[in-house]
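To find a chain, count down the sequence lines: A is the first, B the second, and so on, and within it residues start at 1. Values below: every heavy atom of this structure, side chains too, minus hydrogens, waters and symmetry copies.
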Amino acid sequence: MQVEGRFGPDLQNKESFVSSAVSPPDVQPALQPSLTVAAGTTPRAALEAAGVDLNGPSGAVVVRDSAGVLRDLDVPLDAADEVRPVAIDSPEGLAVLRHSTAHVMAQAVQELFPETQLGIGPPVENGFYYDFLPQRPFTPEDLGVIEKKMTEIIKAAQRFSRRAVSDDDARIELKDEKFKLELIGLKGNANASGNHTPTELDAEEASQVGGGQLTMYDNLNRDGSLAWTDLCRGPHLPTTRRIPAFKLMRTAAAYWRGDQANEQLQRIYGTAWPSKEALKNYLSQLEEAAKRDHRKLGAELDLFSFPDELGSGLAVFHPKGGVLRKEMEDYSRRRHEESGYEFVNTPHISKQTLFETSGHLPYYADAMFPPMEFEGSNYYLKAMNCPMHNLIFRARGRSYRELPLRLFEFGSVYRYEKSGVVHGLTRVRGMTQDDSHIYCAKEQMGGELKNLLDFVIDLLRDYGLDDFYLELSTRDDSPKFIGDPAEWEEATEALREAAVQSGLKLVPDPGGAAYYGPKISVQARDAIGRTWQMSTIQVDFQQPKRFGLEYTGADGERHQPVMIHRALFGSVERFIGVLTEHYAGAFPAWLSPVQVIAIPVTDEQTDYLFEIANKLKAKRIRVEVDSSSDRMQKKIRTAQQSKVPFMLIAGAQDQDNGAVSFRYRDGEQRNGVPVEQAVEEIAAFVARRANHSPSVADFG
RNA sequence: GCCGCCUUAGCUCAGUCGGCAGAGCGUCUCACUCGUAAUGAGAAGGUCUAGGGUUCGAUUCCCUAAGGCGGCUCCA
């Protein structure tokens with residue numbers, strides 16, 4: 001169970017991608033037949049007797065016993081049992097492969113850098129890492145040297161040999177490994193005091209020591225001599241020879257046990273695969289992902305940049321990025337208008353007292369830009385819009401007849417993100433949220449949340465994202481969560497109901513709520529399977545209280561409204577980043593900064609194309625005529641690289657016929673289309689907001 | 001914020017073991033007028049991220065800062 005946990009949803013909240021591209025989610029490996037292992041014999045013997053493959057790219061590397069525990073092939077079972085082989089290319093087999101490769105890497109590191117202390121070395125999505133405390137940090141050149149040493153170890157076909165040890169013996173054996181000693185101590189604590197101690201091991205640490213009997217894994221040379229040893233729960237590959245393909249990827253720093261207060265270790269990440277080909281595929285998928293990087297495409301397509309003069313995490317949008325942004329916003333505004341939202345505007349700065357009222361200060365002061373002192377008051381750049389929307393609600397008495405009151409704003413906020421976390425458009429210091437706050441009566445909350453979730457999903461689909469799952473973030477018993485538990489319960493249930501009703505997969509996220517209320521977040525998978533957190537919907541009982549928000553009910557009494565926060569894009573910047581990567585820069589025609597490029601075969605057709613361009617412009621199509629002195633082929637290449645959906649090409653023949661020729665983004669062409677028809681086709685395609693690239697098949 | 005690496009023309013990158021810097025693409029000019037992914041020739045373009053230090057001399061070595069990249073931590 002713990003093994004599954006390590007590769008399950010807990011990894012999905014990171015924006016680590018490629019995973020699902022490599023191994024599609026929810027694919028179950030074919031169930032292996034079970035085999036009987038006699039008491040005192042090894043699983044290997046049973047597998048060999050049954051003719052199970054133990055060497056190929058799908059060969060078995062460990063077995064799963066009847067209790068669900070993974071076991072080494074060469075460790076005899078105490079009692080007879082039914083086991084199933086676990087193939088190296090199954091999710092669990094891959095984890096074993098990667099964990100064993102991590103051991104080989106640690107062995108190589110300690111051989112090359114004998115003073116190096118060991119941290120932990122678990123498998124992770126697509127690979128593994130091992131944390132070290134070396135004499136000096138690793139350099140990129142070190143990786144090559146370590147890889148070479150690893151190859152030697154793999155060629156030596158060292159056996160992974162399991163050996164049980166007592167805690168005391170382990171302490172003696174590992175007296176020079178302070179981090180391992182700490183893990184042994186933690187394991188002891190966890191056993192003594194049961195669950196949920198503050199020092200509880202996480203899944204990755206548990207893979208080192210396990211919960212009960214400690215075990216060591218000895219790497220034995222073919223002559224039986226000891227090459228290396230590590231404290232480890234196992235299981236492992238039979239021998240290092242069973243590692244078909246690996247590569248060290250990068251070095252990084254990581255805090256011991258993930259805590260900023262602890263010592264910082266040097267981490268090396270690697271990847272390992274059941275075949276050279278699988279490794280190659282993985283690496284080319286990484287390349288594909290790199291090609292889609294919105295930071296790179298943003299520069300290439302002239303969409304946006306991050307001038308140093310502005311400071312880290314502050315983007316400027318160029319004209320082409322501006323068009324994209326405007327189209328996105330325009331459509332969003334229209335949909336909000338149709339769905340009963342009212343548009344408001346609020347300033348970017350405010351006196352300190354507002355954020356005191358809202359409760360954001362002092363909790364979030366260090367995530368806000370420092371205040372400016374002015375006329376005896378401290379002014380803050382706003383990091384959130386909600387307090388200002390609350391003031392709008394409170395500006396006059398409110399009636400139940402006005403509820404739900406839905407206030408919407410493209411609100412710019414500024415957050416003082418730490419320097420190390422700023423990343424392209426997805427993590428910035430200045431952003432515009434498509435922010436909305438909905439005030440409703442408690443009785444309306446359930447229905448409002450359902451409608452809201454439908455609206456959100458529907459709108460995301462219109463932008464071409466169509467693969468979603470939801471995350472329900474709830475409170476745990478941490479003291480950071482404030483408010484009445486009954487209210488939490490009610491809001492959580494309302495969110496859960498809305499989520500269930502949506503029919504989407506729901507992943508629980510206990511403890512992940514905001515301090516003031518539970519939330520649903522919508523995760524979207526992009527074109528190459530990476531998941532991104534998009535929209536969030538949050539229930540808040542706190543701010544209405546703090547701001548004293550109330551409305552007069554049908555009963556003539558004053559009531560406190562429920563407040564729902566929601567942002568759909570998250571931020572406009574981030575959404576543009578995600579869409580850029582989703583479409584690899586080849587945006588849907590309706591969002592494309594330039595929708596049509598007209599290319600004359602010779603200069604003779606330039607004026608003719610300008611006339612056609614005018615007809616398109618009359619239909620609000622964004623069109624450019626390439627009247628440069630380049631040759632036609634070059635213009636086509638340039639247009640292709642700019643990823644415009646439509647190229648219109650005209651030569652003398654087209655001009656004589658009052659026609660024009662199409663070249664679509666996929667390189668397909670359609671010649672001799674009458675001008676009026678061509679204009680209509682383009683305008684119609686853009687108007688219907690199709691998200692796929694236009695091609696011949698669309699216009700038959 | 002922490003650790004490591006990086007910063008040379010608009011972009012991608014060479015290069016100088018310390019002696020006034022180079023390519024391709026892009027830009028501009030001229031010629032070519034061509035039917036679906038690069039016509040040819042020429043020109044312009046750099047205080048080598050910034051500040052300080054060492055040195056006869058620093059883009060190169062050292063220090064500091066800024067920005068970027070990869071992680072960690074964080075993400076209301």
Side-chain angles (χ1 to χ4, degrees), chain A residues 13-16 129 131 134 136-142 249-269 290 293 295-296 299-300 302 305-314 355 358-361 363-368 383-384 386 413 415-424 426-428 473 480 512-517 519 533 536 538 540 542-543 565 567 570 574 599-606 628-642 647-654 661-664 667-672:
Chain A
N13 58 15
K14 302 199 170 177
E15 288 155 15
S16 71
Y129 66 79
D131 286 342
R136 60 156 175 87
F138 299 114
T139 66
E141 295 75 54
D142 291 338
M249 305 299 285
R250 62 179 69 92
T251 59
Y255 298 103
W256 170 239
R257 292 173 53 73
D259 188 336
Q260 234 179 130
N262 288 342
E263 196 157 5
Q264 198 160 46
L265 306 178
Q266 295 297 310
R267 175 172 295 181
I268 302 179
Y269 281 94
D293 192 317
R295 295 166 298 181
K296 183 175 135 80
E300 281 175 9
D302 197 17
S305 60
F306 298 90
D308 287 359
E309 290 81 348
L310 292 184
S312 182
L314 298 168
F355 299 112
S358 71
H360 289 105
L361 282 174
Y363 293 122
Y364 300 113
D366 58 352
M368 295 174 74
M384 64 290 294
C386 30
V413 300
R415 297 179 182 184
Y416 186 52
E417 301 287 357
K418 288 182 189 170
S419 59
V421 309
V422 170
H423 180 96
T426 56
R427 196 79 183 270
V428 291
S473 301
K480 79 167 178 171
Y515 73 96
Y516 52 75
K519 69 173 176 188
Q533 179 178 319
T536 59
Q538 256 169 39
D540 186 346
Q542 282 306 311
Q543 287 201 47
H565 305 245
R574 185 180 156 78
I599 297 172
V601 172
T602 75
D603 286 353
E604 301 296 311
Q605 289 82 44
T606 305
S628 70
S629 64
D630 288 332
R631 295 175 70 202
M632 178 203 60
Q633 282 86 343
K634 180 60 180 299
K635 292 179 182 182
I636 288 170
R637 178 180 152 85
T638 306
Q640 194 79 44
Q641 286 179 327
S642 77
M647 277 180 234
L648 282 185
I649 297 168
Q653 206 185 326
D654 288 309
S661 296
F662 276 97
R663 179 187 164 107
Y664 302 106
E668 296 285 311
Q669 50 177 296
R670 243 170 93 234
N671 298 328

**OP:** Answer yes when Glu668(A) and Arg663(A) have at least one side-chain N-carboxylate O distance shorter than 4.0 Å, and no when they do not.
**Re:** no
**OP:** Check every atom of rG68(B), rA38(B), rC3(B) against the side chain of Val422(A) and return the nucleotide holding the closest atom.
**Re:** rG68(B)
Original post:
For rC74(B), does OP1 or OP2 lie under 4.0 Å from any side-chain N or O of Arg427(A)?
Top reply: no
Original post:
Among rA76(B), rC72(B), rA37(B), which nucleotide sits nearest the side chain of Gln641(A)?
Top reply: rA37(B)
Original post:
Are OP1 or OP2 of rG1(B) and a side-chain N or O of Ser419(A) less than 4.0 angstrom apart?
Top reply: yes
Original post:
At under 4.0 Å between heavy atoms, what does Tyr269(A) touch on the DNA or RNA strands: base, sugar-phosphate, or nothing?
Top reply: sugar-phosphate
**OP:** Check every strand shown and say whether Asn671(A) touches a base, only sugar-phosphate, or nothing at a heavy-atom separation below 4.0 Å.
**Re:** base
Subject >> Among rU36(B), rA76(B), rU73(B), the one nearest Lys418(A) by side-chain distance >> reply: rU73(B)
Subject >> Rounded interatomic separation in angstrom, taking CG from Asp293(A) and P from rC69(B) >> reply: 9 Å
**OP:** Between Ala367(A) and Ser661(A), just flag the one whose closest nucleotide in RNA chain B comes earlier from the 5' side.
**Re:** Ser661(A)
**OP:** Identify which nucleotide among rA76(B), rG67(B), rG35(B) has an atom closest to any side-chain atom of Ser312(A), counting heavy atoms from C-beta outward.
**Re:** rG67(B)
Subject >> Electrostatic pair Asp293(A)-Arg295(A), nearest N-O below 4.0 angstrom >> reply: yes
Original post:
Are any of Arg631(A)'s side-chain N or O atoms less than 4.0 Å away from OP1 or OP2 of rC34(B)?
Top reply: no
Subject >> Interatomic distance where CZ belongs to Phe306(A) and P belongs to rG10(B) [whole Å] >> reply: 20 Å
Original post:
Which part of the nucleic acid does Ala650(A) contact within heavy-atom distance under 4.0 Å: base, sugar-phosphate only, or nothing?
Top reply: nothing
**OP:** Walk me through it: do Tyr364(A) and Tyr515(A) pass the test ring pair (Phe, Tyr, Trp, His ring centres under 6.0 Å)?
**Re:** CA-CA 12 Å; Tyr364(A) 300 113; Tyr515(A) 73 96; 5.7 Å; yes
Original post:
What's the CG-C1' distance between Asp630(A) and rC30(B), to the nearest Å?
Top reply: 14 Å
**OP:** Please say which of Lys519(A), Gln543(A), Met384(A) ends up in a side chain to side chain contact (heavy atoms under 4.5 Å, CB included) with His565(A).
**Re:** Gln543(A)
**OP:** Check every strand shown and say whether Ala254(A) touches a base, only sugar-phosphate, or nothing at a heavy-atom separation below 4.0 Å.
**Re:** sugar-phosphate
Original post:
Any luck finding a side-chain donor-acceptor pair between Arg670(A) and Tyr664(A) under 3.5 Å?
Top reply: yes
Original post:
Which nucleotide in the list rG35(B), rG1(B), rC2(B) gets nearest to the side chain of Gln260(A)?
Top reply: rG1(B)
Original post:
Is the shortest side-chain N/O distance from Ser629(A) to OP1 or OP2 of rA31(B) below 4.0 Å?
Top reply: no
Original post:
Is any side-chain N or O of His423(A) closer than 4.0 Å to OP1 or OP2 of rG70(B)?
Top reply: yes
Original post:
Does any N or O donor sit under 3.5 Å from an N or O acceptor when you compare the side chain of Tyr416(A) with the base of rG1(B)?
Top reply: no
**OP:** Establish, with yes or no, whether the OP1 or OP2 oxygen of rU73(B) is under 4.0 angstrom from a side-chain nitrogen or oxygen of Arg267(A).
**Re:** no
**OP:** Check whether any side-chain N or O of Lys635(A) sits under 4.0 Å from OP1 or OP2 of rU39(B), and answer yes or no.
**Re:** no
**OP:** Scan Arg670(A) against the nucleic acid and name what it touches under 4.0 Å (heavy atoms): base, sugar-phosphate only, or nothing.
**Re:** nothing
**OP:** Just compare rU36(B), rA76(B), rG71(B) and give me whichever is closest to any side-chain atom of Ala252(A).
**Re:** rG71(B)
**OP:** State the pairing partner of rC61(B); accept Watson-Crick or G-U wobble contacts with both distances under 3.5 Å, and report none otherwise.
**Re:** rG53(B)
Subject >> Earlier contact from the 5' end, RNA chain B, for Tyr516(A) and Gln633(A) >> reply: Gln633(A)
Original post:
In whole angstrom, what separates Glu263(A)'s CD from rC72(B)'s P?
Top reply: 18 Å
**OP:** Indicate whether OP1 or OP2 belonging to rG4(B) is found under 4.0 Å from a side-chain N or O atom of Arg136(A).
**Re:** no
Original post:
So what does Met384(A) hit on the nucleic acid, given a heavy-atom distance under 4.0 Å: a base, only sugar-phosphate, or nothing?
Top reply: base
Subject >> Lys635(A) and Asp630(A) ion-paired at < 4.0 Å >> reply: no
**OP:** Identify whether any heavy atom of Glu417(A) sits under 4.0 Å from a base atom; if not, whether one sits that close to sugar-phosphate; answer base, sugar-phosphate or nothing.
**Re:** nothing
**OP:** Provide the distance between the two C1' atoms, one in rG4(B) and one in rA44(B), to the nearest whole Å.
**Re:** 40 Å
